[in-house]
Protein chains: 2
Amino acid sequence: MKSISRKTIDRALLYIRALENLLKEKRDKISSLELADITGSSDVQIRKDISFFGKVGTPRIGYETKKLKDILENFILQNNVVHIALFGVGNLGKAILKYPGFQTDKIKLVAAFDKAKSKLLKEINGIKIYPVERSVELIKKVHAEIGIIAVPPRSSQEVADIMVKAGLKGIINFAPSCISVPKNTFVKNIDFSIEILSIFSHTQFQK
Amino acid sequence: MKSISRKTIDRALLYIRALENLLKEKRDKISSLELADITGSSDVQIRKDISFFGKVGTPRIGYETKKLKDILENFILQNNVVHIALFGVGNLGKAILKYPGFQTDKIKLVAAFDKAKSKLLKEINGIKIYPVERSVELIKKVHAEIGIIAVPPRSSQEVADIMVKAGLKGIINFAPSCISVPKNTFVKNIDFSIEILSIFSHTQFQK
DNA sequence: TATTAATCGTTACTAATTTCACGATTTGCT
DNA sequence: AGCAAATCGTGAAATTAGTAACGATTAATA
């Protein structure tokens with residue numbers, strides 16, 4: 001059996017979000033073309049992605065919104081709640097702690113760490129901030145799976161090492177620096193500067 | 001002549017960042033293999049990317065750090081300073097306003113807008129916050145090229161429309177919602193929840 | 001100056017991804 | 001019931017991206 005591709009997964013997450021919004025609007029049917037319009041993809045791409053999960057739609061009608069959402073979610077997220085550990089409670093870290101998208105049923109921020117004594121034991125949005133020294137112990141205790149690096153670049157490798165040690169299998173790195181980790185640890189780098197320069201370059205080189 | 005690919009551009013931006021760091025450490029030579037180690041890419045990939053810009057390296061030695069950085073920057077960024085307009089000064093917007101990476105010579109945050117009366121006329125990090133009503137006028141005046149959406153999802157389309165009207169050619173959308181824009185406007189969506197679920201899924205499906 | 005070892009640059013190959021084209025299916029209509 | 005229209009699902013073609021292999025080049029060394 002063919003395994004699912006990363007790209008299909010990422011697009012499916014986008015589809016899921018769109019389907020949730022459609023459900024809120026009581027739209028119970030959706031065609032690949034409409035979903036393409038909403039998500040900025042193409043109808044063929046969507047049908048191809050969905051075909052991985054079997055025959056889900058009905059010709060002439062399209063897909064049942066709820067059914068499609070359930071199928072995608074069940075396969076991709078498998079009823080998991082993702083537990084997050086955050087390192088760095090500066091401006092960005094605070095924004096993440098307060099991010100409304102994490103109060104959902106799928107993602108739960110369970111631990112936050114910082115070096116600065118002044119920030120410790122405070123609570124933001126119901127999450128206590130602990131000293132970095134206790135991080136490995138606490139991450140294991142709360143069973144976090146994914147870590148977020150929101151510290152200055154000079155400390156990012158140090159934090160990455162801690163995360164690996166604590167058993168985190170995925171890392172989102174907001175620091176503008178490369179980190180090195182074992183091959184079985186997934187890293188997604190989000191460097192605001194690079195994102196902006198990337199978009200800008202694309203506007204320059206578009207045909 | 002073949003045109004440069006988006007992927008090459010994005011990787012080149014990563015190379016540039018790495019080269020800048022190497023320069024700070026007074027490293028004046030770098031091989032494709034070392035650069036691959038740092039950036040998490042492969043040496044072949046790097047040589048292939050760089051080959052687009054001509055013969056830059058010298059066999060047996062590698063690349064001159066400064067020369068390579070200059071070549072990449074000159075081609076991709078063309079000595080431009082990218083001017084940014086920010087919409088939404090909530091938690092995330094504030095973090096962006098204070099983001100140290102934007103005080104560089106390449107990126108300049110030039111305008112910030114919010115709906116809330118209470119936030120107007122305040123100044124964060126030297127940038128005044130203006131009412132959304134004045135945004136089209138001001139964006140044109142300061143010649144911003146790229147817009148950042150950091151407003152709640154229900155307002156994101158409205159903001160996107162304003163950005164298009166004001167002539168912005170690239171948009172970074174932090175709102176967890178899809179926006180629709182003309183084809184010649186580039187959009188990069190960064191949805192924290194989706195990024196996390198994506199990483200998590202990849203850890204689940206890794207072979 | 002010839003030799004050696006390292007590293008670049010490039011062509012050919014392989015893999016992954018997207019797009020195309022079209023048959024199959026289903027519903028609604030007459 | 002039969003037909004028409006819409007939409008799915010999919011194998012094949014086309015495109016794009018990445019990898020491997022290796023010749024070409026250069027600097028260091030004996």
Side-chain angles (χ1 to χ4, degrees), chain A residues 1-15 18-19 22 27-69 71-72 75 183 198 202 205-207, chain B residues 1-15 18-19 22 27-69 71-72 75 183 198 202 205-207:
Chain A
M1 185 187 172
K2 219 172 157 294
S3 77
I4 192 166
S5 86
R6 284 179 78 128
K7 299 231 172 174
T8 298
I9 291 178
D10 286 348
R11 280 189 300 262
L13 290 167
L14 216 54
Y15 304 157
L19 293 166
L22 287 166
R27 292 277 314 269
D28 60 341
K29 301 275 196 308
I30 183 84
S31 75
S32 57
L33 199 62
E34 290 171 296
L35 194 54
D37 265 354
I38 295 170
T39 59
S41 188
S42 78
D43 58 333
V44 194
Q45 182 73 79
I46 284 177
R47 289 203 300 278
K48 192 87 174 213
D49 284 335
I50 292 174
S51 78
F52 176 85
F53 305 96
K55 299 201 180 194
V56 178
T58 52
R60 181 67 203 266
I61 297 294
Y63 303 95
E64 273 182 56
T65 317
K66 174 127 181 33
K67 183 182 170 192
L68 179 55
K69 170 181 160 279
I71 286 176
L72 296 178
F75 189 94
K183 264 212 315 295
S198 166
H202 295 327
F205 290 104
Q206 79 184 281
K207 7 180 200 327
Chain B
M1 184 188 174
K2 218 172 157 296
S3 76
I4 191 167
S5 86
R6 284 179 78 128
K7 299 235 171 171
T8 298
I9 291 178
D10 286 348
R11 281 189 300 261
L13 290 167
L14 217 54
Y15 304 157
L19 293 166
L22 288 166
R27 293 277 313 268
D28 59 343
K29 301 276 197 309
I30 184 84
S31 74
S32 56
L33 199 60
E34 290 170 297
L35 195 54
D37 265 355
I38 295 170
T39 58
S41 187
S42 79
D43 58 333
V44 195
Q45 183 74 79
I46 284 177
R47 291 204 298 280
K48 189 101 182 219
D49 284 336
I50 292 175
S51 77
F52 176 85
F53 306 97
K55 298 201 180 191
V56 178
T58 53
R60 182 66 203 269
I61 298 296
Y63 302 96
E64 275 181 55
T65 317
K66 173 133 182 30
K67 184 182 169 193
L68 179 55
K69 171 180 159 279
I71 286 175
L72 296 179
F75 189 94
K183 262 213 313 297
S198 166
H202 295 326
F205 291 104
Q206 79 184 283
K207 8 177 198 324

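It should be emphasised that the depicted structure is a prediction, and the values quoted were computed from it without experimental measurement. Residue numbering restarts at 1 for every chain, and letters A, B, ... go by the order of the sequence lines.
Closest to the side chain of A:S31, out of D:dG9, D:dC8, D:dT26, is D:dC8. Residue B:K55 has its side chain nearest to C:dT10 when only C:dA21, D:dG18, C:dT10 are considered. Of the candidate nucleotides C:dT18, D:dA20, D:dG18, C:dT18 has the atom nearest to the side chain of A:R11. Which of D:dA17, C:dT19, C:dG9 sits closest to the side chain of B:S5 comes down to D:dA17. Closest to the B:P59 side chain, of the nucleotides C:dC8, C:dC20, C:dT18, is C:dC8. With C:dT18, C:dC8, C:dT19 as the choices, the nucleotide that has an atom nearest any side-chain atom of B:S32 turns out to be C:dC8.
Residue B:R6 is out of contact with every strand shown, counting any heavy-atom pair closer than 4.0 Å. Across all strands shown, A:K7 has heavy atoms under 4.0 Å from sugar-phosphate atoms exclusively, and none from any base.
Atom pair B:K67:NZ and C:dC8:P shows a separation of 13 Å (rounding to whole Å applied). We find that NZ of A:K48 is positioned 15 Å from P of C:dA16, with the value rounded to whole Å. To the nearest angstrom, C1' of C:dT11 lies 14 Å from NZ of B:K2. Per the geometry, CD1 belonging to A:I9 stands 15 Å off C1' belonging to C:dA16, to the nearest Å. Residue A:F53 contributes atom CZ, which lies 16 Å from atom P of D:dC8 at whole-angstrom precision. The CG atom of A:L68 sits 16 Å away from the P atom of D:dT7 (whole-angstrom rounding). In this structure, B:I46 atom CD1 and D:dG18 atom C1' are separated by 13 Å, rounded to whole Å. Separating the CG atom of A:D49 from the P atom of C:dT18 is a distance of 8 Å, rounded to the nearest angstrom.
For B:R60 against D:dA27, a side-chain-to-base donor-acceptor contact under 3.5 Å is present.
For the pair A:Q45 and B:V56, nearest-nucleotide mapping onto DNA chain C gives the more 5' position to B:V56. The residue among A:T8 and B:I61 whose nearest nucleotide of DNA chain C is located toward the 5' end is B:I61.
At least one side-chain heavy atom of A:R47 sits under 4.5 Å from a side-chain heavy atom of A:Y63.
The main-chain N or O of A:I46 is never found under 3.5 Å from a side-chain atom of A:S32 such that the two would form a donor-acceptor pair.
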